[in-house]
Amino acid sequence: MKNFDDTMVVSYFLRGGSILSVILIVSGVILLFAKNGGDGFTLQQIASYSYSMAHGIDSKNISLGGIIQGVIKLDGVYFIALGLWTLIFTSISVVLVRLVWFAIARDSKFVIITLLVLFNLFFAMLVVPSLL
Amino acid sequence: MLNFIAIVIRFFTIVLAGIFSGFLGSLTGLGGGTILVPMLTLFYGVPIIFATGASLISTIATSDGSASAYTKEKIANVNLSISLEVATTGGAIVGSFVAIYMYAHALSWIVYIIFGSVLLFSLYPAVKKLHSEIPKKTKADWSTRFFKLSGSYFDEHLNRTVNYQGSRWYLGETIMFFAGFFSGLLGIGSGALKVLGMDWALNLPMKVTTTTSNFMIGITAATSSTIYWYAGFIQPMIAAATAIGVLIGAYYGSKVLVRISNENIRLIFFSILIFLGLDMIFSGFNKINIVFVDADFQFLTAASIASITILILFFREKIMSGMVHKK
């Protein structure tokens with residue numbers, strides 16, 4: 001236990017998550033340019049703000065279930081989506097690491113506090129979509 | 001429609017805006033979004049919905065990218081951040097819902113004005129404390145022990161270990177709820193409010209507040225950005241360009257923060273915030289034609305007021321440090 005440094009673990013998670021998400025996002029951008037678009041839209045359409053607004057080229061129409069299929073098809077839009085979710089989960093993983101750390105340290109007060117933070121995060125992720 | 005070269009140029013100019021925002025965002029503990037949203041809306045013509053969506057994603061990138069460096073330096077207070085995140089994530093959920101309501105009811109001009117006002121009002125308590133590199137020690141209260149608000153870190157600039165002791169957690173927690181609320185409403189990390197909550201309410205040293213704030217921003221923005229995702233505020237190409245840029249900027253910003261003096265951080269922080277805050281307020285009023293000024297005039301007015309304010313602050317600091325030397 002004495003050799004375990006939670007801040008270093010958090011640091012590695014953050015670094016690893018950031019690097020992985022950048023790799024995915026950059027790959028997505030390269031694929032978008034190389035294949036002249038993605039997700040059924042041309043590169044010109046995706047690059048246009050007004051076209052995107054009018055035709056719903058946004059996250060609402062990128063189904064989370066479709067991300068894996070999109071990635072298998074080497075679709076740039078889905079690579080970017082996976083990269084963005086990797087960033088979001090990197091932040092969440094930090095909270096999870098701390099939860100484990102507080103549990104190991106038997107610090108029940110901070111375990112409860114960390115669970116409250118996770119409750120808010122998962123409320124936003126799982127309950128909110130049904131409210132919109 | 002744009003041709004291929006124009007699209008490449010557009011993409012890389014947004015990456016550049018991201019690098020600039022990420023660098024300053026990490027340096028000041030604001031998160032990239034506070035600077036990115038005004039830049040994208042005012043100078044790039046990006047619709048505010050997509051600007052705030054991209055900004056939230058970039059804010060997570062700044063936080064993740066720079067916090068990895070800060071945790072290594074062991075300046076950020078992890079226990080403190082987790083207890084404050086309860087309020088920031090709760091506020092973020094409420095703020096995101098309010099944002100969705102406003103955009104659905106053509107009230108985006110209010111978002112502009114609130115954005116500008118949050119930037120400007122967040123300056124007041126910080127300006128008052130301009131000369132406190134490290135805060136005076138305050139009396140510990142019940143929250144100091146209960147939430148483990150004390151700690152220490154090695155300050156490279158001062159070349160000594162700084163011990164600190166925070167208090168008034170409840171006040172910090174209240175400010176954090178609003179920080180989360182504005183993060184969800186405006187698509188920013190609300191680093192300014194988080195820094196002020198810890199600096200002014202909890203009375204912690206600036207370096208601890210900026211690094212801990214960077215840590216908390218990621219979790220707060222992760223909460224709001226999942227809601228933004230389902231609401232359709234994230235446009236893949238804009239979000240990709242800003243995330244890449246902000247990560248690069250944040251990485252270099254975090255390298256500089258460990259060396260830079262606290263007074264410098266604050267002065268950079270002020271000048272940019274004043275300019276962007278004024279420009280956003282003018283744009284909000286322009287949208288509903290209450291005040292109509294031409295974009296160049298708007299830019300010049302905001303820049304002039306920001307420059308004059310910074311000059312006054314700079315000379316005030318010189319005069320005050322001169323008076324201390326005389327004593």
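All chains are named by letter (A, B, ...) in the order of the sequence lines, taking the proteins before the strands, and each is independently numbered beginning at 1.
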Q: Where does B:Y228 contact chain A at under 4.5 Å (heavy atoms): side chain, backbone, both or neither?
A: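 Backbone of B:Y228 only, per the 4.5 Å heavy-atom cut-off to chain A.
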Q: Evaluate the side-chain proximity of B:L40 to B:I14: yes if any heavy-atom separation is below 4.5 Å, no if none is.
A: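 Answer yes - side chains close enough.
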Q: Side chain from CB out, backbone as N, CA, C, O: work out which of these in A:L131 comes under 4.5 Å of a heavy atom of chain B, or both, or neither.
A: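 Looking at A:L131, just its side chain touches chain B.
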Q: Under a 4.5 Å heavy-atom cut-off, does chain B meet the side chain of A:F13, its backbone, both or neither?
A: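 It is neither, since no heavy atom gets under 4.5 Å.
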Q: Hey, does the side chain of A:S63 reach the backbone of A:G66 with a donor-acceptor pair shorter than 3.5 angstrom?
A: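 Side chain of A:S63 to backbone of A:G66, a donor-acceptor pair under 3.5 Å: yes, one is there.
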Q: Starting at CE of B:M216, measure out to OG of A:S91 and round the result to the nearest 0.5 Å.
A: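 With rounding to 0.5 Å, CE (B:M216) is 12.5 Å from OG (A:S91).
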Q: Given a strict heavy-atom distance threshold of 4.5 Å, which part of B:F233 is in contact with chain A: side chain, backbone, both, or neither?
A: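 Contact with chain A: backbone only.
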Q: Is there side-chain contact between B:N79 and A:F102, with heavy atoms separated by less than 4.5 Å?
A: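 A side-chain contact under 4.5 Å exists here.
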Q: Side chain to side chain contact (heavy atoms under 4.5 Å, CB included), that's the test. Do A:V26 and A:F79 meet it? Break it down for me.
A: CA-CA 9 Å; A:V26 171; A:F79 263 80; over 6 Å; no
Q: Mind telling me whether B:F182 and B:F178 have parallel, tilted or perpendicular rings, with 30° and 60° as the class edges?
A: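 Rings of B:F178 and B:F182: tilted, as their planes differ by 30° to 60°.
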Q: Working to the nearest 0.5 angstrom, can you tell me the gap between B:I217 CD1 and B:I60 CD1?
A: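 Result: 11.0 Å between the selected atoms.
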Q: Examine distances only and state if a side-chain atom of A:N120 and a backbone atom of B:V86 form a donor-acceptor pair shorter than 3.5 Å.
A: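 Yes, because the side chain of A:N120 sits within donor-acceptor range (under 3.5 Å) of the backbone of B:V86.
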Q: Under 4.5 Å from any heavy atom of chain B, what part of A:F110 do you find: side chain, backbone, both or neither?
A: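 Just its side chain gets close to chain B.
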Q: Counting heavy-atom pairs closer than 4.5 Å to chain B, which one of A:N61, A:I19, A:I80 comes out on top?
A: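 Ranked by heavy-atom pairs under 4.5 Å with chain B, first place is A:I80.
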Q: Below 4.5 Å from any heavy atom of chain A, which atoms of B:I244 appear? Answer side chain, backbone, both or neither.
A: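 The side chain, not the backbone.
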Q: Pick whichever of A:L64, A:D39, A:I92, A:L118 has the most heavy-atom pairs under 4.5 Å with chain B.
A: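 So the answer, after comparing A:L64, A:D39, A:I92, A:L118, is A:L64.
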Q: Between A:F89 and A:W85, how do the two ring planes meet: parallel, tilted or perpendicular, split at 30° and 60°?
A: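 The arrangement is tilted - the two ring planes meet at 30° to 60°.
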Q: Looking at chain B, which one of A:F33, A:F123, A:Y49 has the largest number of heavy-atom pairs inside 4.5 Å, strictly under?
A: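 Among A:F33, A:F123, A:Y49, the one with the most close pairs to chain B is A:Y49.
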Q: Where on A:L43 is there a heavy atom nearer than 4.5 Å to chain B: the side chain, the backbone, both, or neither?
A: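 Both the backbone and the side chain of A:L43 come within 4.5 Å of chain B.
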Q: Where on B:A243 is there a heavy atom nearer than 4.5 Å to chain A: the side chain, the backbone, both, or neither?
A: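 Side chain only.
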Q: Which region of B:I248, side chain (C-beta onward) or backbone (N, CA, C, O), has a non-hydrogen atom less than 4.5 Å from a non-hydrogen atom of chain A, or is it both or neither?
A: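 The answer is neither part of B:I248.
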Q: Checking heavy atoms, do the side chain of B:I93, its backbone, both or neither come under 4.5 Å from chain A?
A: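 The side chain, not the backbone.
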Q: Output the option from A:I57, A:L32, A:N36 having the highest count of non-hydrogen pairs under 4.5 Å with chain B.
A: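 Result: the option with the highest number of such pairs is A:I57.
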Q: Tell me, side chain or backbone of B:L56 under 4.5 Å from chain A's heavy atoms, or both, or neither?
A: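 Answer is neither: B:L56 stays 4.5 Å or more from chain A.
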Q: With a 4.5 Å cut-off on heavy-atom pairs, point out which of B:S81, B:A241, B:P236 contacts chain A the most.
A: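 Ranked by contacts with chain A, first place is B:P236.
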Q: Would you mind telling me which of A:V128, A:V95, A:V94 has the largest number of heavy-atom pairs within less than 4.5 Å of chain B?
A: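 Most heavy-atom pairs under 4.5 Å with chain B: A:V128.
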Q: If I take atom CG from residue A:L99 and atom OG1 from residue A:T114, how far apart are they, to the nearest 0.5 angstrom?
A: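 Atom-to-atom, A:L99:CG and A:T114:OG1 are 5.5 Å apart.
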Q: For A:T86 and A:S21, run side chain to side chain donor-acceptor pair (under 3.5 Å): C-alpha distance rounded to whole Å, both residues' side-chain angles, the deciding distance at 0.1 Å, then the answer.
A: CA-CA 5 Å; A:T86 306; A:S21 70; over 6 Å; no
Q: Counting heavy-atom pairs under 4.5 Å to chain B, which of A:V77, A:I46, A:D107 comes out on top?
A: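 Of A:V77, A:I46, A:D107, A:I46 has the most heavy-atom pairs under 4.5 Å with chain B.
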